[in-house]
Amino acid sequence: MTSVLALYRDHDALINMSSNQQPTLIIRRLSVDEYVLPKIHTKKIKRVNSERKPFSINPFPKLGTGHGVYVFENQYFKYEGEWVKGKKHGFGKLLLKDGTYYEGQFNQGEITGTGFKFFSETKCKYKGQFLKGEMHGRGIMEFPDSSEYEGNFVHNRKNGYGVMRTPLTQYDGGYQGNMRHGEGRMVYAPMRYDKTSNGDRYEGYWVADKRHGPGVLHCADGSIFDGNFDNDEFHGHGLYRHISGVIYDGMWLKGFPAKMASKLHIVVENTPMVIRQGTPFTITVQCLNDENEVVGDEGREIQITAGFKYYQPSKGSALFDMIEDVEDKPIDTPFGYQVVHYPLTNQEQENDGPSEEDEEQELSQSQTQLDLKEDEDENQNNKEEETKEGEDGEKLTENEKQDEEKDDGVDNSGGGVEEADEIPNNTTTETESVPLPPPVPNCRSEEGVCVWSDVYLAPAPPMYRPFVAMEEAENDKKSSSRGKPAINKDDRRSSIGKTYTAAKSNSILDKMRRQKEKALEEKYAKTGEYVLMVHDVTNPPFLGRTIEPAFLLLKLKRPEAKKRTKKEGKKWDTSQHIRRSMVATEGSED
């Protein structure tokens with residue numbers, strides 16, 4: 001594109017020329033490259049490098065350098081301090097209308113350097129390093145609840161190493177994004193009344209403000225966990241040493257062992273378990289989980305006790321008044337009745353029970369006495385029957401009364417049957433205070449198993465209430481069964497001798513039996529049915545859980561008689577005996 005234009009290099013000179021001097025205009029086409037706009041001269045305005053507005057009435061240092069006060073146009077900010085070339089630079093104070101303020105170093109109009117900032121909304125105070133208006137670098141943040149953080153900040157957030165102190169905790173370790181992250185140590189304050197702190201101490205790794213990864217937790221009660229954490233819980237492999245003495249080394253799932261003992265089991269071949277008086281026995285107990293697997297924890301405290309069936313005393317009895325103050329409350333069992341504690345000990349007993357020779361000697365002596373008495377009684381009865389024939393019924397009634405008295409254990413004739421409840425001469429009537437044997441000590445589990453060896457049922461303590469209640473019940477039954485039906489006089493007369501003999505023999509046998517039982521009960525427990533009880537008494541309970549107890553029926557029987565080997569005598573030689581007799585016969589004939 002071209003245009004026609006008269007162009008002279010000196011335009012002003014052309015205007016001043018006279019008409020005669022003006023040359024002839026030469027018109028020609030100019031190319032775009034030759035087209036040049038005329039220069040326009042304008043007055044240059046010098047820009048002031050300052051935050052101050054022209055309409056501001058605040059005192060401002062000349063040329064924007066020095067000390068001055070400036071209120072921003074929005075009336076929200078106010079700065080008082082040093083200026084350099086119209087910018088905040090040096091030491092100053094910036095106030096916000098909501099009460100927040102900063103006092104410290106400025107650099108080229110920005111909050112950069114070391115300073116102090118107060119946050120009106122949260123009442124927090126920060127003293128430390130800043131970068132372009134943000135907390136950045138080392139600093140100390142004070143919170144209104146007396147908490148304090150001293151450490152590193154990155155863009156207004158706790159990041160890097162720092163120490164956080166609160167009224168309940170103190171943490172020193174790594175931070176990321178205002179949360180505990182990385183390796184650190186947390187110390188909790190001692191136990192408070194509101195249980196907001198427990199005095200624990202944790203050293204390990206953190207992720208997103210929670211314990212995560214390997215670490216060691218020292219509990220205030222003395223328990224120690226050394227293992228892996230996940231989301232603030234025991235998770236993974238870990239070794240836990242509980243204050244009660246329990247040690248568990250294995251896998252954990254969400255705060256609890258992968259295999260947690262839930263019940264006790266008594267290892268026995270047959271139930272009920274048969275034991276003998278004076279013979280020790282062994283008890284093995286296992287700690288099982290719900291899947292009946294043995295849990296291999298260590299140090300769980302297990303207690304073993306025995307019990308006897310509880311008999312409720314009847315009202316009006318002497319035992320009923322005594323039972324009110326009994327502290328030993330009955331214990332429920334899975335066998336349909338309650339029991340009270342019976343002494344169980346592992347103290348070795350001196351005697352092993354009566355031998356077979358003693359039993360045979362007692363039986364032979366008692367049998368001989370019974371045979372002699374029966375013979376005497378038969379002869380006496382025959383004489384009495386002969387004299388009684390033809391007599392009136394008064395003598396018969398007197399004999400019947402005597403027989404009834406003899407049946408009741410009273411001999412008015414001066415001989416015969418002694419009192420049934422007579423105490424033997426070899427027993428003492430005074431009740432001496434015999435100390436109870438020491439109980440079986442508690443056992444600590446090893447790999448989930450407890451074993452007690454050489455355990456005995458001790459003799460019953462004096463006035464053991466279940467035994468007293470049993471005797472009262474038996475006496476009531478005997479007294480109720482004494483009423484006998486009426487018998488014909490003829491039949492009564494013929495059976496007098498037999499009844500008298502049987503009464504005497506039975507009373508002697510009962511007396512000997514009672515003497516023997518009392519002698520055995522002084523050494524051993526009374527034969528009968530007992531209950532063996534096993535309880536978890538770990539204190540404090542491991543992880544707050546007490547496992548279920550176990551019960552076992554015990555049948556206590558008399559001791560087995562020792563087998564005695566018979567001595568072999570000389571064999572009888574029949575032929576030799578015949579020869580000797582023949583020789584003696586021939587000699588007599590001669």
Side-chain angles (χ1 to χ4, degrees), residues 264-288 294 299-309 328 331 333-335 339-360 362 432-462 464 466-467 470 515-537 549-565:
L264 296 173
H265 172 68
I266 304 175
V267 181
V268 63
E269 295 181 358
N270 300 317
T271 54
M273 180 179 178
V274 179
I275 57 177
R276 299 285 180 176
Q277 284 180 327
T279 303
F281 58 94
T282 301
I283 293 297
T284 302
V285 176
Q286 296 175 337
C287 302
L288 305 180
V294 179
R300 189 181 293 273
E301 188 175 3
I302 307 299
Q303 181 188 60
I304 180 172
T305 57
F308 192 81
K309 187 176 181 180
D328 191 7
I331 303 171
T333 66
F335 308 118
V339 297
V340 291
H341 282 292
Y342 187 87
L344 188 70
T345 183
N346 61 346
Q347 184 180 14
E348 185 177 358
Q349 299 186 0
E350 297 179 357
N351 298 324
D352 295 332
S355 62
E356 184 181 6
E357 296 178 357
D358 297 336
E359 290 183 352
E360 289 181 355
E362 290 179 0
E432 300 177 356
S433 58
V434 181
L436 293 176
V440 179
N442 299 338
C443 180
R444 294 282 184 173
S445 62
E446 296 181 3
E447 296 184 357
V449 178
C450 291
V451 179
W452 290 269
S453 301
D454 299 332
V455 181
Y456 299 86
L457 285 171
Y464 184 59
F467 290 172
M470 288 175 57
Q515 289 178 352
K516 188 175 181 180
E517 287 179 355
K518 287 182 179 180
L520 290 174
E521 288 176 5
E522 291 178 357
K523 300 177 182 179
Y524 312 111
K526 187 176 183 179
T527 57
E529 183 177 88
Y530 295 80
V531 176
L532 190 70
M533 300 173 289
V534 182
H535 290 84
D536 176 19
V537 293
F551 299 87
L552 176 67
L553 278 178
L554 297 178
K555 290 285 188 179
L556 182 62
K557 295 185 177 182
R558 296 283 180 84
E560 293 181 346
K562 295 180 181 180
K563 294 183 179 180
R564 185 177 59 181
T565 56

Heavy-atom side-chain proximity of [X] to [Y] below 4.5 angstrom:
X	Y	value
Lys526	Leu556	no
Phe308	Val339	no
Pro466	Val340	yes

*Mind jotting down which residue pairs meet the salt bridge (Lys or Arg N to Asp or Glu O under 4.0 Å) criterion with at least one end in residues 438-455? Sequence neighbours excluded, please.*
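Applying salt bridge (Lys or Arg N to Asp or Glu O under 4.0 Å) to every pair that reaches into residues 438-455, excluding sequence neighbours, yields Glu301-Arg444.
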Rounded to the nearest 0.5 Å, how far apart are [atom1] of [X] and [atom2] of [Y]?
X	Y	atom1	atom2	value
Thr333	Met533	OG1	CE	8.5 Å
Leu553	Leu532	CG	CG	10.0 Å
Asp536	Ile302	CG	CD1	4.5 Å
Leu344	Trp452	CG	CH2	10.0 Å

Check [X] against [Y] and note the closest heavy-atom contact, atom names and distance.
X	Y	answer
Pro459	Pro343	O-CG, 3.8 Å
Lys557	Thr527	C-CG2, 4.0 Å
Thr345	Ala458	CG2-CB, 3.9 Å
Phe335	Val531	CE1-CG1, 3.8 Å
Tyr456	Gly278	CE2-O, 3.6 Å
Asn346	Pro441	ND2-CD, 3.6 Å

Validation: residues 281-288 side-chain donor-acceptor distances under 3.5 Å, sequence neighbours left out:
none

_Can you list everything that forms a side-chain contact (heavy atoms from CB on, under 4.5 Å) with Pro549? Sequence neighbours excluded, please._
His535, Phe551
_Applying salt bridge (charged side-chain N to carboxylate O under 4.0 Å, His left out), can you list everything that pairs with Lys555, at least two apart in sequence or on another chain?_
Glu529
Give the table of side-chain donor-acceptor pairs shorter than 3.5 Å for residues 264-275, with sequence neighbours excluded, one pair per line with atom names and distance.
none

_Ser445 side-chain N/O to Arg300 backbone N/O, donor-acceptor pair under 3.5 Å_ =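 The answer is yes, because a donor-acceptor pair under 3.5 Å joins these two groups.
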*asked:* Just to verify, what does Tyr464 make a ring-ring contact (aromatic ring centres under 6.0 Å, His included) with, not counting sequence neighbours?
replied: Tyr342, Phe467
